[in-house]
Amino acid sequence: MHWLPTSSPPSLVRQLVSALISPSSSLLRPLHPPVSLLSRRPLTASTLPMPDGDDSLLRKALADKLATIQAQANAVRQLKASGAPKSDIDAAVQSLNALKLDKASLETQLLQSATNNRDAFRQALVNTLERRLFYMPSFKIYRGVAGLYDYGPPGCAVKSNVLAFWRQHFVLEENMLEVDCPCVTPEIVLKASGHVEKFTDLMVKDEKTGTCYRADHLLKDYCKDKLEKDLTITAEKAAELKHVLALLDDLSAEELGAKIKEYGITAPDTKNHLSDPYPFNLMFQTSIGPSGLTPGYMRPETAQGIFVNFKDLYYYNGNKLPFAAAQIGQAFRNEISPRQGLLRVREFTLAEIEHFVDPQDKSHPKFSEIASLEFLMFPREGQMSGQSAERVQIGEAVAKGIVNNETLGYFIGRVYLFLTRLGIDKERLRFRQHLANEMAHYAADCWDAEIECSYGWIECVGIADRSAYDLCAHSDKSGVALVAQEKYSEPREVEKLVIAPVKKELGLAFKGNQKMVTEALEVMDEKVALQMKADLESKGEVEFYICCLGKNVTVKKSMVSISKEKKKEHQRVFTPSVIEPSFGIGRIIYCLFEHAFYTRPSKAGDEQLNVFRFPPLVAPIKCTVFPLVQNQQYEEVAKFISKSLTAAGISHKIDITGTSIGKRYARTDELGVPFAVTVDSRSSVTIRERDSKDQIRVNMENVAAVVKEVTDGQSTWDDILKAYPLHSSGSVDEE
């Protein structure tokens with residue numbers, strides 16, 4: 001997905017400068033880059049630390065320079081108004097221009113500082129994630145492979161919790177049918193879906209080293225870098241670069257290559273010349289069976305397994321629509337140049353839903369439950385006119401036609417609830433509508449849930465109305481009708497399109513391909529069939545594309561009869577439309593890591609301590625148990641509590657080391673553990689909440705019940721504080 005810039009660099013700079021020089025001002029949230037990362041507060045995903053040295057001096061110098069420029073501009077105006085000599089006016093203007101150049105230099109330094117701070121935050125986060133084994137590069141002892149990562153114990157736990165909540169939020173609450181299909185997929189399936197022919201990215205190679213790069217990424221990076229950092233480019237050049245970014249998805253290989261040459265883009269690592277762009281299929285190819293005669297691929301998505309099983313799932317559901325099928329599984333894409341950590345990898349987890357619905361009725365019975373939700377939406381009209389995302393009620397968006405239909409709107413609302421309950425910051429989540437050049441020709445409407453992180457706005461969930469394309473494609477290729485029926489209470493007289501292939505004529509003309517041509521003719525939609533009828537009557541023959549043959553064939557008037565007849569029908573047979581929410585689980589988890597990560601000073605104030613503020617729902621460990629001191633009786637109490645937590649199904653960790661309680665708190669805060677139980681007596685214990693550091697005292701028999709009540713979402717910590725008074729003890733050494 002490519003970001004479309006919506007503001008020129010000068011406005012971005014002014015916004016950045018205004019925020020940097022005014023401690024009381026709050027940054028407006030631009031599209032990209034996330035310069036909201038520049039406020040001077042503790043280290044978090046949305047606020048990065050600004051050193052007290054050079055940045056403070058730069059901000060003060062820039063504020064002084066702006067004041068001087070304003071004064072000089074007033075002086076120029078006064079000279080002109082008073083009719084001063086031209087030489088005096090020219091000298092004053094020259095001084096003003098010199099001041100503006102100085103200001104531009106200061107702005108450039110501040111922009112560089114912004115980039116450094118964003119990179120510093122990301123590096124601190126990644127270092128913590130890898131050190132605490134949330135994830136790490138795969139095969140590290142062999143120097144690793146780009147785009148492949150392993151999840152460690154806490155990362156596995158977070159991922160497991162996210163997927164468990166996904167099942168609860170979607171599969172259980174929406175009564176979906178869950179399936180689990182193979183990762184290895186026969187070539188014929190992916191030919192029908194279009195992946196074999198079209199699942200490609202344009203690639204260029206370093207002409208000397210052979211290193212490969214995605215061509216559009218190189219052009220996008222060049223344009224963005226110029227727009228964000230080069231304050232000398234003209235308004236015309238900026239408009240041109242923004243236009244290139246807007247049309248990036250539409251550029252052909254030739255056009256992309258021409259732009260790369262025009263801008264002098266070279267290999268990032270070596271600065272060598274690049275080859276012309278050419279298509280590279282992103283699927284991993286394999287063969288099924290020892291003979292190697294059955295080609296296949298590692299699936300690039302999980303959706304095709306659901307589509308090919310539609311007929312059986314429809315029967316299982318009692319031959320009723322609407323219904324939804326869901327699948328969680330691994331997908332594989334042989335990325336040309338993986339980057340950005342977990343955001344662009346070669347093997348990843350997808351959670352996909354295919355909601356099958358009557359194309360004539362896309363209302364949703366539960367739409368009213370989410371209609372009042374309000375969140376950031378970014379319709380295509382706003383993107384094209386240079387506006388920012390705005391808060392809109394989803395009910396209003398559907399009513400105004402911004403969102404195509406109720407079912408699509410319902411899933412957008414449900415996705416919003418899912419992400420925010422996981423811990424995604426609702427102020428850094430938006431739903432962006434696909435531009436016309438991003439949409440497939442068959443799609444009715446498409447929206448992406450994009451989450452802002454240090455890399456910018458990242459597409460994490462796609463919610464698309466794919467019309468009936470997928471089922472039609474597989475019906476055409478397989479010859480199996482993937483359709484639904486609506487039975488009428490009374491027979492209806494309808495005008496029906498009748499397509500009658502003349503098999504004898506087709507057999508003589510196409511021999512072994514007769515069956516495929518016949519089936520393709522029979523599944524033509526009405527518009528195509530009527531156009532063929534008109535062409536046959538006027539010309540006697542017509543060229544007709546056969547998908548499974550991959551070529552046009554000549555159909556003559558004697559080969560097919562096309563007519564409309566009135567007949568009585570007892571049911572309507574149709575191909576369902578599909579609404580598809582598709583979740584990139586790894587991307588969601590990475591953005592959650594960024595949104596949850598922050599630092600706070602230690603009690604002594606001599607160091608910054610890392611904290612993940614995961615909601616209890618997704619925290620890798622829900623609770624830790626610490627005896628205050630090494631004491632046999634305290635350790636027995638700790639073991640009793642551990643057993644009760646295990647019996648309640650609460651993940652926990654017991655730590656009976658002699659380390660100070662403050663250091664133990666800090667260690668578990670860094671893992672995002674929401675609650676810590678400190679054993680400091682033989683009958684009652686304290687429970688500490690991670691973010692507030694508040695503590696309550698409860699009897700040891702009640703610990704599991706209290707923790708479970710909060711981690712299961714039955715109560716909040718504030719609810720618990722009303723039932724159990726705050727506890728403070730000088731004996732507990734906070735971090």
query: What are the two closest non-hydrogen atoms of Met384 and Leu435, and how far apart are they?
result: SD-CD2, 3.7 Å

- prompt: Can you find a pair of side-chain heavy atoms, one from Ile336 and one from His217, that are under 4.5 Å apart?
  reply: no

Expected output: side-chain Asn281 to main-chain Met283 donor-acceptor under 3.5 Å: yes

message: Tell me whether the rings of Phe307 and Phe356 are parallel (<30°), tilted (30 to 60°) or perpendicular (>60°).
response: perpendicular

- request: Could you tell me whether the side chains of Glu580 and Ser582 share a donor-acceptor contact shorter than 3.5 Å?
  value: no

Summary of side-chain hydrogen bond (donor to acceptor under 3.5 Å, both in side chains) pairs that have at least one residue in residues 188-201, sequence neighbours excluded: Ser193-His195, Asp201-Arg214

Exercise: identify the closest heavy-atom pair between Ala326 and Val171: CB-CG2, 3.9 Å

- prompt: How close do Ala449 and Val415 get, heavy atom to heavy atom, and via which atoms?
  reply: CB-CG1, 4.1 Å

task: Run the salt-bridge test on Glu505 and Lys556 with the 4.0 Å N-O cut-off and return the result as yes or no.
output: no

task: Please report the shortest heavy-atom distance between Thr575 and Ala468, naming the atom on each side.
output: CG2-CB, 3.7 Å

statement: Heavy atoms of Ala192 and Tyr469 approach each other most closely as O-OH, 4.5 Å

Nearest heavy-atom neighbours spanning Ser577 and Pro359: OG-CB, 3.4 Å

- request: Could you tell me how the ring of Phe165 sits relative to the ring of Phe418: parallel (under 30°), tilted (30 to 60°) or perpendicular (over 60°)?
  value: parallel

message: Whether Arg432 engages the ring of Trp457 as a cation-pi pair (distance to the six-membered ring centre under 6.0 angstrom, angle to the ring normal within 45°) should be assessed.
response: no

field: Lys259 bridged to Glu255 by N-O distance under 4.0 Å
entry: no

Glu396 side chain vs Glu374 backbone, donor-acceptor pair below 3.5 Å: no

- request: Would you please classify the geometry between the Tyr314 ring and the Phe310 ring as parallel, tilted or perpendicular, with 30° and 60° separating the classes?
  value: parallel

task: Determine, using ring centers only, whether Phe199 and Tyr297 are less than 6.0 Å apart.
output: no

message: Quick one, Gln304 with Arg299, criterion side-chain hydrogen bond (donor to acceptor under 3.5 Å, both in side chains). Give me CA distance, side-chain angles, the key distance, then yes/no.
response: CA-CA 8 Å; Gln304 301 307 318; Arg299 65 183 179 190; over 6 Å; no

- request: Identify, with sequence neighbours excluded, every residue that meets salt bridge (charged side-chain N to carboxylate O under 4.0 Å, His left out) alongside Glu486.
  value: Arg572

query: Has the side chain of Arg380 got a donor or acceptor atom that lies under 3.5 Å from a matching backbone atom of His434?
result: yes

- prompt: Does a side-chain N-to-carboxylate-O contact under 4.0 Å join Glu173 and Lys366?
  reply: no

task: Please name all residues satisfying ring pair (Phe, Tyr, Trp, His ring centres under 6.0 Å) with His243, sequence neighbours left out, ordered by chain then number.
output: none

